[in-house]
Amino acid sequence: MPIATVNPATEETLETFDQLGQDAVELALAKAADAFRTYRTTGFEERAELLRRAAALLDAEQERIARTVTTEMGKPLAQARAEAAKCAKALRWYADHGAALIADEHPDATDVADSGAALAYVRYRPLGAVLAVMPWNFPLWQVVRFLAPALMAGNVALLKHASNVPRTALALADLFRRAGAAEGCFQALLVGSDTVPQLVRDPRVAAVTLTGSEGAGRAVGAAAGEALKKSVLELGGSDPFLVLPSADLSAAVSTAVRARIQNNGQSCIAAKRFIVHEQVYPQFAAAFGEAMRTLRVGDPMDPDTDLGPLATRQGRDDLAALVADALAHGATAETGGTLPARGWYHPPTVLTDVTPAMRVHREETFGPVAALYRVRDLDEAIALANATPYGLSSNVWTTDPGERDQCLRELEAGGIFFNGMTASHPALPFGGVKHSGYGRELAGHGIREFCNVTTVWLGHP
């Protein structure tokens, strides 16, 4: 895949980039190794100040960076601005809390007295260079949510970003350089996916994190396993959105629309399967369909636009193929339409009468297409919610404590959001189960993923 900035709203190629050659990749790895030897000796406050300076630059240059994001991958400009602001918040959060999250841990002295130690404790030490293979859908946030904890822990970072967001990748690297990051501390490598196995195998790379498709996760996870290196994988999702009789239907509908179309529907944690109790199905279906039908589709730079184009032609075509397959097998499109002649847009679509025979029932829909299901009771809703290879997050709309407790016991997901929309937050761990990956990002769990958890034992003199 060529490395290029192509505007998905106009299909215009704005800039192309040469991939790094072998000599340049070797130089980047050498710089990362050199940088780690020095950066690992810095104190928490020095690292925190780097993150704070980067956050200040991100705030000051929010408009420019947001426009770069929107131009490259098509999300509405207001959402790109919000993404930049969220990144600045995360940088400051780790600057403020990172030291405490990986402070030395001292067990009760009586618990280790029989070990013969005068003192025993746990210290979190950095691993080295962390390779991040990141996607285009949240091209700022996906990077920062790995980068902030990695740098705060004393690691250095190598970024292999998606090939359709090179300007964003280079802008982030330049921002950290201007914030004072030492040479080699954070580098954006313009390379293709075929270079990733080489990077994972290189002894100067200590660990790898990937956010992306299930297929990419299998490939990177296998390479990391072969090299006996730590990996964290955040992969796809087919998140359920359960609506039960006690739900506030007005709030559920408005949230359902945002949960499905945020980022033009291109989010791992977007609600994709709407599972509605038969008592409230008619009201929910009517209101949800109407709200999806009236969304404004258009130029993502226009402040009145609700839904922009998908990021790539292939993504748009893959989504259209899922819809076509569903219709061919008997589904009904309550909303939808034709694909435009220009731009990689897909109309907001609501499918009903979805059955297991349809691909849309089994596969992730990465775009503004919702599958709507009617169920008899909570048991059926949970069984349908779990009938997927994915387990990233889930949404449940109920005010019944018993229903909430049953969902907490039985839903197979890394997150359960009651009466609200799934979102990531610096203070909360993020990740999934099953084919949605393993490991956690964010919060204390995220910063400790790429640390050497070291037992320190001191004998009596």
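All values reported here derive from a predicted model rather than from experimental measurement. Heavy-atom basis, side chains included; hydrogens, waters and symmetry copies ignored.
Within the 3.5 Å criterion, the main-chain N or O of Ala443 finds a donor-acceptor partner in the side chain of Tyr94. When atom types are taken as modelled, the side chain of Arg47 and the backbone of Thr42 share a donor-acceptor pair closer than 3.5 angstrom.
Between Tyr390 and His435, the ring planes are perpendicular. Angles over 60° get that label, and only those under 30° would be called parallel. Taking the six-membered ring for Trp and thresholds of 30 and 60 degrees, Phe284 and Phe288 have nearly parallel ring planes, at less than 30 degrees apart.
Between Arg273 and Glu364 no salt bridge is recorded (no basic side-chain N to carboxylate O distance below 4.0 Å). Between Glu83 and Lys75 a salt bridge is recorded (basic side-chain N to carboxylate O distance below 4.0 Å).
Phe430 does not carry Arg440 over the face of its six-membered ring by the limits of under 6.0 Å from the centre and within 45° of the normal.
With sequence neighbours left out, the ring pair (Phe, Tyr, Trp, His ring centres under 6.0 Å) criterion links Phe366 to Trp136. Checked against side-chain hydrogen bond (donor to acceptor under 3.5 Å, both in side chains), Thr211 has no partners two or more places apart in sequence or in another chain. In terms of the side-chain hydrogen bond (donor to acceptor under 3.5 Å, both in side chains) criterion, Asp400 has no residue partners (sequence neighbours excluded).
Here the CE-CD1 distance, from Met152 to Ile102, works out to 7.0 Å after rounding to the nearest 0.5 Å.
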(request) Could you go through the side chain to side chain donor-acceptor pair (under 3.5 Å) check for Thr5 and Glu72 one step at a time? (result) CA-CA 6 Å; Thr5 295; Glu72 287 199 306; 2.5 Å; yes
